[in-house]
Amino acid sequence: GDSVTQMEGPVTLSEEAFLTINCTYTATGYPSLFWYVQYPGEGLQLLLKATKADDKGSNKGFEATYRKETTSFHLEKGSVQVSDSAVYFCALSRGPGGSYIPTFGRGTSLIVHP
Amino acid sequence: DSGVTQTPKHLITATGQRVTLRCSPRSGDLSVYWYQQSLDQGLQFLIQYYNGEERAKGNILERFSAQQFPDLHSELNLSSLELGDSALYFCASSNSGRDYNEQFFGPGTRLTVL
């Protein structure tokens with residue numbers, strides 16, 4: 001079945017450091033890929049998405065590129081802020097022909113120190 | 001604010017009891033999803049409803065049931081509660097039955113079973 005694997009956290013960085021959170025997936029067909037962010041005490045919210053190979057999703061300085069050859073969708077940000085401290089979830093879902101059941105990774109906690 | 005509301009915010013109950021969690025989707029969204037988030041299991045998809053009908057089932061126990069009403073709000077019923085059912089329960093909505101659209105998450109209901 002479909003699965004998403006994320007690097008385990010927590011990831012601890014100083015403000016203005018470069019961030020990478022790795023995400024790889026297993027799925028048949030051509031899934032859409034997402035990054036969601038969960039701030040403390042809140043629900044998840046979509047950060048960015050990519051729906052086909054080589055697409056780059058971007059939002060709020062975060063980027064991720066859909067790499068079908070490596071089945072990856074790594075999240076990057078050039079300079080993190082304290083306000084980026086949150087839990088980040090990689091997810092996939094499959095459209096027509098797929099199961100329609102969304103699959104989430106276990107989440108990676110990011111802690112940014114001033 | 002995602003536009004998805006969940007009540008109650010917190011719920012404390014005893015083993016063996018039954019509770020009902022309520023979710024109102026964003027205006028215009030036909031699809032509702034329920035998730036369970038716990039420290040050991042991560043974010044688990046439970047069930048999806050689309051315009052009043054069950055669309056997909058995930059890791060939902062037989063003790064749990066859900067429904068979506070004509071006004072599109074949804075309820076998740078948890079019965080014969082066990083200590084292990086303590087978790088955050090999220091509702092999400094989207095404007096299509098296709099799950100590769102963005103999901104909008106509510107703030108969650110924290111269930112504590114004593």
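In what follows, every heavy atom counts, from backbone to side chain, and hydrogens, waters and symmetry copies are set aside. First the proteins, then the strands, lettered A, B, ... as listed; each starts at 1.
Test Y36(A), F89(A), Y39(A) against F105(B) for ring pair (Phe, Tyr, Trp, His ring centres under 6.0 Å) and you get one pass: Y36(A).
Here the CD-CZ distance, from Q103(B) to F34(A), works out to 7.5 Å after rounding to the nearest 0.5 Å. Note that OG of S2(B) and CG of L46(A) are 12.0 Å apart. Values are rounded to the nearest 0.5 Å.
Counted within 6.0 Å of CD on E62(B), heavy atoms from surrounding residues, nucleotides or ligands total 12 or fewer; the atom is thus considered open. Annotation: R26(B), atom CZ; neighbour count of heavy atoms from other residues, nucleotides and ligands within 6.0 Å is above 12. Enclosure of atom CG in L114(B) by more than 12 non-hydrogen atoms of other residues, nucleotides or ligands within 6.0 angstrom is indicated. Around the CD atom of E16(A), the shell of radius 6.0 Å holds no more than 12 heavy atoms that belong to other residues, nucleotides or ligands. Counting heavy atoms of neighbouring residues, nucleotides and ligands inside a 6.0 Å radius, atom NZ of K68(A) exceeds 12 of them.
Residue Q37(B) touches chain A through its side chain alone, counting heavy-atom pairs closer than 4.5 Å. I47(B) does not touch chain A: none of its heavy atoms, backbone or side chain, sits under 4.5 Å away.
The candidate from A91(A), G107(A), G105(A), G43(A) with the greatest count of non-hydrogen atom pairs under 4.5 Å with chain B is G43(A).
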